[in-house]
Amino acid sequence: MNCNKKLNLTHSTSNAPWWRMGLILALIVTIGVINLGCKDNEEEDDSEYYVKYELNSTADFHVGGTLNVTINKEDNKTMTESINTHTPWETIIGPVKKGFNATLSARHEDGAARLRIFTQISVSKDGAPFILRKIDDNEVPRNAVQINYTINF
């Protein structure tokens, strides 16, 4: 009996066996499906927002004069308006997009005057009712105030 068998090891002449090609193709398809299934969190939001700025001032004694009110508008430029003290004031701007930085500041023309200045910023999304987002209702008398809110919902 001849136990010496010759082992014939040869390398396949094809580029890659069919199962390797199938594995590579499956990997490519899986990665493609995962990439298509994931949505970018920074995707463009088509929502329209409106911003309502409100201000009121009071004092223990009558402080006359005006407040210079400055707000950030839709085009990210500022607008300044003079209003009488002790007079409620509000304005609405929009539409703006998510990420807009709403800023409201007020300063009494006489830097020595001390008023209780109350401010707030409310936001409406796509025509919904306004929701209060930022408030400064500090009772301490002062001659200036500034608040801001960045739309992030």
Side-chain angles (χ1 to χ4, degrees), residues 14-153:
S14 67
N15 291 341
W18 63 270
W19 60 271
R20 284 187 187 169
M21 291 302 276
L23 185 62
I24 291 171
L25 184 60
L27 181 64
I28 291 171
V29 169
T30 302
I31 291 172
V33 168
I34 289 172
N35 282 336
L36 289 176
C38 294
K39 293 196 177 188
D40 188 5
N41 289 338
E42 300 298 320
E43 194 173 290
E44 192 68 29
D45 184 3
D46 291 336
S47 298
E48 289 187 335
Y49 299 86
Y50 288 84
V51 178
K52 180 171 26 172
Y53 297 106
E54 297 176 79
L55 180 136
N56 196 7
S57 62
T58 63
D60 292 333
F61 56 93
H62 183 72
V63 176
T66 60
L67 286 167
N68 295 318
V69 179
T70 303
I71 62 169
N72 194 18
K73 293 186 48 140
E74 301 92 345
D75 56 4
N76 282 320
K77 294 183 181 176
T78 59
M79 177 186 85
T80 302
E81 185 176 329
S82 292
I83 63 168
N84 292 324
T85 58
H86 305 283
T87 304
W89 173 87
E90 75 176 44
T91 191
I92 297 173
I93 63 138
V96 296
K97 295 292 183 190
K98 184 175 184 176
F100 178 78
N101 186 29
T103 303
L104 166 65
S105 62
R107 177 172 297 281
H108 192 274
E109 64 183 0
D110 175 10
R114 295 289 181 221
L115 297 164
R116 286 194 254 351
I117 306 171
F118 307 101
T119 58
Q120 61 185 44
I121 297 174
S122 302
V123 178
S124 168
K125 179 179 179 182
D126 293 329
F130 281 94
I131 298 172
L132 179 62
R133 293 294 177 181
K134 187 76 173 207
I135 187 168
D136 184 341
D137 57 356
N138 192 335
E139 293 277 338
V140 175
R142 54 196 168 168
N143 68 348
V145 65
Q146 179 175 357
I147 64 171
N148 62 12
Y149 172 75
T150 300
I151 298 173
N152 62 2
F153 68 101

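- For the atom pair CZ of Arg142 and CG of Asp136, the computed distance is 4.0 Å after rounding to the nearest 0.5 Å.
- Between Glu54 and Ser122 the shortest side-chain heavy-atom distance falls below 4.5 Å.
- Proximity of Leu55 to Glu90: side-chain heavy atoms (C-beta onward) are nowhere separated by under 4.5 Å.
- Looking at every heavy atom in both residues, Ala102 comes nearest to Val51 through CB-CG1, 3.8 Å.
- Atom CD of Glu81 sits about 7.0 Å away from atom OG1 of Thr91, to the nearest 0.5 Å.
- Qualifying side chain to side chain donor-acceptor pair (under 3.5 Å) partners for Glu109, counting only residues two or more places apart in sequence or in other chains: Thr66.
- Here the straight-line distance linking atom CZ of Phe130 with atom NZ of Lys52 works out to 5.5 Å at 0.5 Å rounding.
- Taking OG1 of Thr78 as the reference point, atom CD1 of Ile71 lies at 9.0 Å (rounded to 0.5 Å).
- Smallest separation of non-hydrogen atoms from Ile135 and Gln120: CD1-OE1, 3.6 Å.
- The minimum heavy-atom distance between Asn76 and Phe100, with the atom names listed, is OD1-CE1, 3.4 Å.
- Side-chain atoms of Glu48 do not come within 3.5 Å of backbone N or O of Pro95 as any donor-acceptor pair.
- Among residues two or more places apart in sequence or in another chain, the side-chain contact (heavy atoms from CB on, under 4.5 Å) test is passed with Arg107 by Asn143, Ala144.
- You'll find the side chain of Ile151 reaches within 4.5 Å of the side chain of Val96, heavy atoms only.
- Side-chain contact between Phe118 and Glu139 is present, with at least one heavy-atom pair separated by less than 4.5 Å.
- Between the side chain of His86 and the backbone N or O of Asn56 there is no donor-acceptor pair closer than 3.5 Å.
- Between the CG atom in Leu104 and the CD1 atom in Ile117 there is a gap of 10.0 Å [rounded to 0.5 Å].
- Rounding to the nearest 0.5 angstrom, the gap separating the OG atom in Ser105 from the CG atom in Asn148 is 10.0 Å.
- Within the 4.5 Å cutoff, no side-chain heavy atoms of Leu67 are placed close to those of Ser82.
- Judged purely by atom type and a 3.5 angstrom limit, Asn72 uses its side chain to pair as donor or acceptor with the backbone of Asn101.
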Residue pair Asn68, Thr80: steps toward the side-chain hydrogen bond (donor to acceptor under 3.5 Å, both in side chains) verdict: CA-CA 7 Å; Asn68 295 318; Thr80 302; over 6 Å; no

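- Qualifying side chain to side chain donor-acceptor pair (under 3.5 Å) partners for Tyr53, counting only residues two or more places apart in sequence or in other chains: none.
- Within the 4.5 Å cutoff, no side-chain heavy atoms of Tyr50 are placed close to those of Ile93.
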side-chain contact (heavy atoms from CB on, under 4.5 Å) assessment of Val123 paired with Ile131: CA-CA 5 Å; Val123 178; Ile131 298 172; 5.9 Å; no

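- Heavy atoms only, all atoms of each residue included: Ala59 and Arg114 are closest at CB-O, 4.1 Å.
- Around the NZ atom of Lys134, the shell of radius 6.0 Å holds no more than 12 heavy atoms that belong to other residues, nucleotides or ligands.
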Residues Phe153, Tyr49; criterion ring-ring contact (aromatic ring centres under 6.0 Å, His included); working and verdict: CA-CA 10 Å; Phe153 68 101; Tyr49 299 86; 5.4 Å; yes

